[in-house]
Amino acid sequence: MNAVKSRRLAQEVHDTYRRAVIGGPFYLVAWMIVGAYGNAFARTPTLSWSLAAAFLLLALFRLAQRPPSDGNWVANLAWLRICWGIVVVTATLWGGVFYWAVSDPSFGPARTAAILTTIGLATAFAHTFSMRRSFALMGIIVLYLPGLMVVWTDPAERATALVMSVYGIYVVVSLLRSHADYHLRLDVDQDLRDQRDLFARQSRIDSLTELANRRHFAETLGLALRHAQATGEPLSLLLLDIDHFKQINDSHGHAVGDACLAELSARLRSQFSGSGELVARLGGEEFGAVLPGESCAQTTQRAEEFRRSLAGQPMVFDGVALSVTVSIGLAEFDPAGHRDVDGLYRAADRAVYRAKDAGRNQVCRDEAIPA
């Protein structure tokens, strides 16, 4: 399932629960007022108290029906259906109360209270539960329509029936607008989240090669070094420069130079893609790889395989075959010698220069005593 849809559904679940919990007790309070002033508890105590108990239980069900902790698509959708079932059942129960109150003259003045309460609950439905248009419309209908039909049958209440009908249309229109506004807000939230993710990615990824940039590389190397210090596990650092890269740019143009960088990056990513490993472009034609859990001897073998493969497989751009080689320097973290990231980096950098001094297209390990 699309990650954006899953995130939107999770947000809807959160909003539905937060709003449903608040609304549940109001039905109980409304019935206690209407029933008390309509003398229903004295006239039909069993039914009246049963209604009060039902509203209380439904309110508690809303509170107890907490969203799933794992938040996967199936669980969230199932939770929504259950929650909406509780909400619609509550609305249906109040629709029955409203029907009873307006059809039974014994309710007296409480009849007006029932009408006003129903109008208020329908309005709340339109604005509070607009996330799912069809469910909200169903809730408004079962809440509002039964009693409204009774009011229309009483000639003395035609004005009230007309006003309620007009207001009912307003409630439905408000629901449609609230539904659109809610999903517009989700769209805006998603756009902001996408922008944030894009900025975060741009701050950590080199746009040309899609590798990690120097900042991300430094952060990862620092974390890996601290882990190696704490656990004693090996940590190797690989640095490489493309040999004579300036000649490639001067002879074939920067477009070919950029294509060369991108192709080299793809090959590096393919060769050094183990768990926890990170390949980065450090600037210009300089690249690096953080290789946790690996000794320098192991890294030397992999680096040599990469060097031979690169030298033996020319890169072809616009019909031009370029034989690209690299100078690679390696260093393994030594707790006794490398006090920090800079010390390890300098050791690998020294090895790169040793590879260049040896004629380029070489893999060299740092053999100097780390400072």
Side-chain angles (χ1 to χ4, degrees), residues 19-20 22-59 61-62 84-181:
R19 299 176 185 187
I22 295 174
F26 284 97
Y27 287 92
L28 174 60
V29 173
W31 166 238
M32 296 302 292
I33 294 172
V34 171
Y37 281 93
N39 205 28
F41 289 95
R43 291 184 289 106
T44 53
T46 301
L47 176 59
S48 299
W49 285 111
S50 295
L51 284 170
F55 283 126
L56 176 61
L57 286 175
L58 287 168
F61 284 155
R62 292 194 193 199
W84 270 109
I86 296 172
V87 170
V88 172
V89 166
T90 306
T92 303
L93 193 60
W94 181 263
V97 168
F98 181 37
Y99 180 90
W100 180 21
V102 295
S103 60
D104 186 351
S106 300
F107 273 86
R111 191 169 184 263
T112 302
I115 291 174
L116 293 175
T117 300
T118 302
I119 289 173
L121 291 173
T123 304
F125 240 105
H127 294 285
T128 305
F129 293 112
S130 59
M131 296 82 74
R132 293 274 165 148
R133 184 172 48 197
S134 56
F135 279 116
L137 185 59
M138 184 190 307
I140 291 171
I141 289 173
V142 298
L143 184 83
Y144 204 82
L145 194 58
L148 177 60
M149 295 174 62
V150 174
V151 175
W152 268 110
T153 62
D154 186 351
E157 295 290 349
R158 288 295 166 80
T160 302
L162 181 60
V163 170
M164 288 189 65
S165 298
V166 172
Y167 192 81
I169 295 172
Y170 163 78
V171 167
V172 173
V173 172
S174 296
L175 167 62
L176 299 177
R177 181 52 189 260
S178 295
H179 175 78
D181 288 345

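What you see is a predicted model, and the numbers here were worked out from it, not measured in a lab.
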> Applying salt bridge (Lys or Arg N to Asp or Glu O under 4.0 Å), which residue pairs with at least one partner in residues 112-141 are found, sequence neighbours left out?
Replying inline: Glu12-Arg132
Heavy-atom pair with the smallest gap, counting every atom of [X] and [Y]:
| X | Y | value |
| --- | --- | --- |
| Ser178 | Ala126 | CB-O, 3.4 Å |
| Ala59 | Gly24 | CB-C, 3.8 Å |
| Tyr144 | Ala122 | CD1-CB, 3.7 Å |
| Thr128 | Met131 | O-SD, 3.4 Å |
| Ala161 | Leu148 | O-CD1, 3.8 Å |
| His127 | Ser130 | O-OG, 3.8 Å |

Should the heavy atoms of other residues, nucleotides or ligands under 6.0 Å from [atom1] of [X] be counted, would the total exceed 12?
| X | atom1 | result |
| --- | --- | --- |
| Tyr37 | OH | no |
| Phe41 | CZ | yes |
| Arg158 | CZ | yes |

Say you draw a straight line from [atom1] of [X] to [atom2] of [Y]; how long is it, rounded to the nearest 0.5 Å?
| X | Y | atom1 | atom2 | answer |
| --- | --- | --- | --- | --- |
| Thr90 | Leu58 | OG1 | CG | 4.0 Å |
| Leu57 | Leu93 | CG | CG | 10.5 Å |
| Ser106 | Arg111 | OG | CZ | 12.0 Å |
| Leu137 | Phe125 | CG | CZ | 10.0 Å |
| Ser103 | Met149 | OG | CE | 12.0 Å |
| Ile140 | Leu145 | CD1 | CG | 11.5 Å |

> Taking the six-membered ring for Trp, are Trp100 and Phe107 parallel (under 30°), tilted (30 to 60°) or perpendicular (over 60°)?
Replying inline: perpendicular
> Between Tyr27 and Phe55, what is the ring plane arrangement, given parallel below 30°, perpendicular above 60°, and tilted in between?
Replying inline: parallel
Tell me, do [X] and [Y] make a side-chain contact under 4.5 Å, heavy atoms counted?
| X | Y | answer |
| --- | --- | --- |
| Val150 | Tyr99 | yes |
| Tyr170 | Val173 | no |
| Glu157 | Val102 | no |

>> Suppose we screen for side-chain hydrogen bond (donor to acceptor under 3.5 Å, both in side chains). Which residues come up paired with Thr44, at least two apart in sequence or across chains?
In response: Ser48
> Going by distance alone, is a donor N or O of one side chain under 3.5 Å from an acceptor N or O of the other, for Trp94 and Thr117?
Replying inline: no
> Given the rule in the side-chain contact (heavy atoms from CB on, under 4.5 Å) test, do Ile119 and Tyr167 qualify, once you have shown the distances and angles that lead to the verdict?
Replying inline: CA-CA 8 Å; Ile119 289 173; Tyr167 192 81; 3.3 Å; yes
